[in-house]
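Report on one structure; see the data block that follows.
Whatever order the structure lists ligands and atoms in, that order sets their numbers, starting from 1. Hydrogens, waters and symmetry mates are skipped; everything else that's a heavy atom, side chains included, is used. The structure displayed is predicted, hence computed values, not measured ones.
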Amino acid sequence: MSSAPIGIFDSGFGGLTVMKDIVSELPQYDYLYLGDNARSPYGTRSFETIYHYTLECVKYLFDQNCHLVILACNTASAKALRTIQQKDLPTINPNRRVLGVIRPTAEVIGNYSQTGHVGILGTSGTVNSQSYVMEIKKQFPELTVYQEACPMWVPLVENQEFDSDGADYFVKQHIDNILSQSKEIDTLLLACTHYPLLIDKMKQFVRDDITILSQGEIVAQSLADYLNRHPEIAENCSQNRTRRFLTTDSTEDFDAHANVFWGNNITSEFIEL
Ligand code: DGL
């Protein structure tokens, strides 16, 4: 069988936190990661720009023979996924699939909350799209959802400043903002794949009884279920346990920084879109 990896896309490094859990859940498959580091962050950009960039990256992954692409980026999932699924896929190739990270997370978030009050921390793009509010309402209509946009968090993570004094200031600011919306919030969702790198900082400012939820394992479990339910998609994905990493920016920079997200050293390849 020729290589047909599962494509994993993010604006930068953040998707590696999701890919790590996917690879650990489904190690048998081939994976091709694409980080659009040259144009990251996406979170503060317009709908048109995020859609255009994401579609370009998805098409690139399709050209590399990815039959299934995961948008391991909440911003791209919020702003571009639906249009790509409904408008573009039928003309590009109706047999290919693109999945996001918002729906699988919304499907389980209610299981983590006792009080029924959950907080969503995301980029401005994700928060303004209201995607989580709408998806969670469909799955758990009884939940009350609070949101907070944290526009500085992705730049802090992308610039390896997640452990600095600057991070203290911006992490505390947004944690205080969301928790001040309701005393009953008992679950905070990291609705951005970059944010798990800030989790230790967050714990300094969050009460012990509040659960901080990362998406990686949730998305990985959901993908495993999806492939079980869709053997016609699973059989198009090759299984030789290869992992390749592509970046639209400097490979030196990618390789120097990616290990904190991935847990191991990475040798990336440069691509021009
Ligand atoms: N990892 C992306 C997300 O999950 C970050 C978005 C950005 O590039 O701002 O939203």
Filter the ligand 1-protein atom pairs down to N or O on both sides and distance under 3.5 Å, then list them.
unit_1	atom_1	unit_2	atom_2	d
ligand 1	1 (N)	D10	OD1	3.0
ligand 1	1 (N)	T193	OG1	2.6
ligand 1	1 (N)	H194	ND1	2.7
ligand 1	4 (O)	N74	N	2.8
ligand 1	4 (O)	N74	ND2	3.2
ligand 1	4 (O)	T193	N	2.8
ligand 1	4 (O)	T193	OG1	3.3
ligand 1	8 (O)	S11	OG	2.5
ligand 1	8 (O)	Y42	N	2.7
ligand 1	9 (O)	Y42	N	3.3
ligand 1	9 (O)	G43	N	2.7
ligand 1	10 (O)	N74	N	3.4
ligand 1	10 (O)	T75	N	3.1
ligand 1	10 (O)	T75	OG1	2.7

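- Side-chain contact annotation: N240 with Q28, donor-acceptor N/O pair under 3.5 Å absent.
- Checking K79 against Y53 by side-chain atom types alone, no donor-acceptor pair falls below 3.5 Å.
- Applying the side chain to side chain donor-acceptor pair (under 3.5 Å) rule to S24 yields no partners; only residues at least two apart in sequence or on another chain are considered.
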Practice task
Give the C-alpha distance, both sets of side-chain angles, the deciding distance and a yes or no for side-chain contact (heavy atoms from CB on, under 4.5 Å) between F162 and W153.
Solution key: CA-CA 8 Å; F162 43 83; W153 288 12; over 6 Å; no

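- Under the 4.5 Å side-chain heavy-atom criterion for ILVMFWY residues, no single connected hydrophobic cluster contains both L71 and L16.
- Between the side chains of S238 and D30, at least one donor N or O lies within less than 3.5 Å of an accepting N or O.
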